[in-house]
Visitor: 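One structure, as structure tokens, below. Some questions next.
Every number for a ligand or one of its atoms is a count from 1 in the order of the listing.
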Amino acid sequence: MSGSSAKPEIHQFPCLKDNYGVLIRDPSTGVVAAIDAPNGDEVAAALKAKGWKLTHILTTHRHGDHTDGNLPLKAATGCTIIGPKGEADLVPGIDKAVGEGDTFMLGSLEVRVFDTPGHTKGHVTYWIPAAEVAFAGDTLFPMGCGRVFEGNMEQMWNSLAKLAKLPPQTVVYCGHEYTQANAKFSLTIEPENEALQTRAREVDAKRARGETTVPTRIDIELATNPFLRPQSPAIRKRFGLETAPDWQVFAEVRERKNKA
Ligand code: ZN
Ligand code: FE
């Protein structure tokens with residue numbers, strides 16, 4: 001066949017307590033990557049269920065619930081591990097370190113790398129433009145964002161602002177199922193947001209049926225995620241931060257979530 005290559009196949013599965021593992025397969029080359037490896041056995045089981053052979057692991061950040069499977073999977077498959085330059089020394093089994101502006105090929109798919117520090121100092125996001133998909137690890141969650149452990153609030157805001165500028169139809173995978181708690185919190189920040197009210201109801205219904213709420217999409221987050229909405233007049237007025245820079249409004253949302 002000539003012309004555009006086929007879209008990748010993506011398989012998401014629950015791991016550990018509330019993590020997600022993701023496998024992505026390029027059908028034109030058979031290359032298969034795990035986006036993070038929360039647990040070697042669970043990733044191996046997902047590969048077996050699909051009948052796929054692991055060739056790569058793309059690590060978003062160093063935390064154990066994203067990297068504990070790296071060494072066992074590498075030992076079992078000989079896969080190549082790609083991970084963040086900014087914390088490469090803390091990523092088990094890393095073969096290739098990548099950072100802001102880097103691109104690499106995953107089979108026939110071009111992957112672009114953003115530094116998205118804040119949750120950890122070297123956290124990266126992987127974007128595959130041709131597939132309109134991004135893997136944001138613990139940076140962006142549905143109606144939420146990662147805890148700011150190693151960076152500062154301004155840094156985390158800058159990371160989220162990069163993701164906010166991706167094409168609106170970009171599908172975003174993330175590391176955890178935290179959506180229902182995030183929705184409940186988000187309604188305390190912007191209760192008048194009708195898109196948020198509707199989404200919160202949909203999320204409750206999905207969780208009641210035991211369904212996943214991940215992945216999400218950039219346009220949906222822009223409309224409903226208070227961490228991406230520091231420009232919202234209602235949020236600014238509520239905080240008394242009408243003229244503050246965006247990152248300070250973001251920081252107030254994050255502080256309130258920390259205390260919630
Ligand atoms: Zn983490
Ligand atoms: Fe995590």
Visitor: Report the name of the N/O/S atom of H63 located nearest to the Zn ion (ligand 1).
Guide: ND1

Visitor: Using 30° and 60° as the class boundaries, would you call the ring planes of H61 and H123 parallel, tilted or perpendicular?
Guide: parallel

Visitor: Can you confirm whether more than 12 heavy atoms, excluding those of Q231, are under 6.0 Å from its CD atom?
Guide: yes

Visitor: Identify, by name, the N, O or S atom of D138 lying closest to the Zn ion (ligand 1).
Guide: OD2

Visitor: Report yes or no: do Q180 and D204 form a side-chain donor-acceptor pair below 3.5 Å?
Guide: yes

Visitor: Rounded to the nearest 0.5 Å, what separates atom CG in N19 from atom CG in D65?
Guide: 4.5 Å

Visitor: With T120, which of H63, E87, E150 fulfils side chain to side chain donor-acceptor pair (under 3.5 Å)?
Guide: E87

Visitor: Would H123 count as a contact for the Zn ion (ligand 1), in the sense that one of its N, O or S atoms lies under 2.8 Å from it?
Guide: no

Visitor: Among the protein atoms near the Fe ion (ligand 2), how many are N, O or S and lie under 2.8 Å away?
Guide: 4

Visitor: Is the shortest side-chain N to carboxylate O distance from E202 to K206 below 4.0 Å?
Guide: no

Visitor: Share the residues that join Y178 in a hydrophobic cluster, the rule being Ile, Leu, Val, Met, Phe, Trp or Tyr side chains under 4.5 Å apart at the heavy-atom level.
Guide: F141

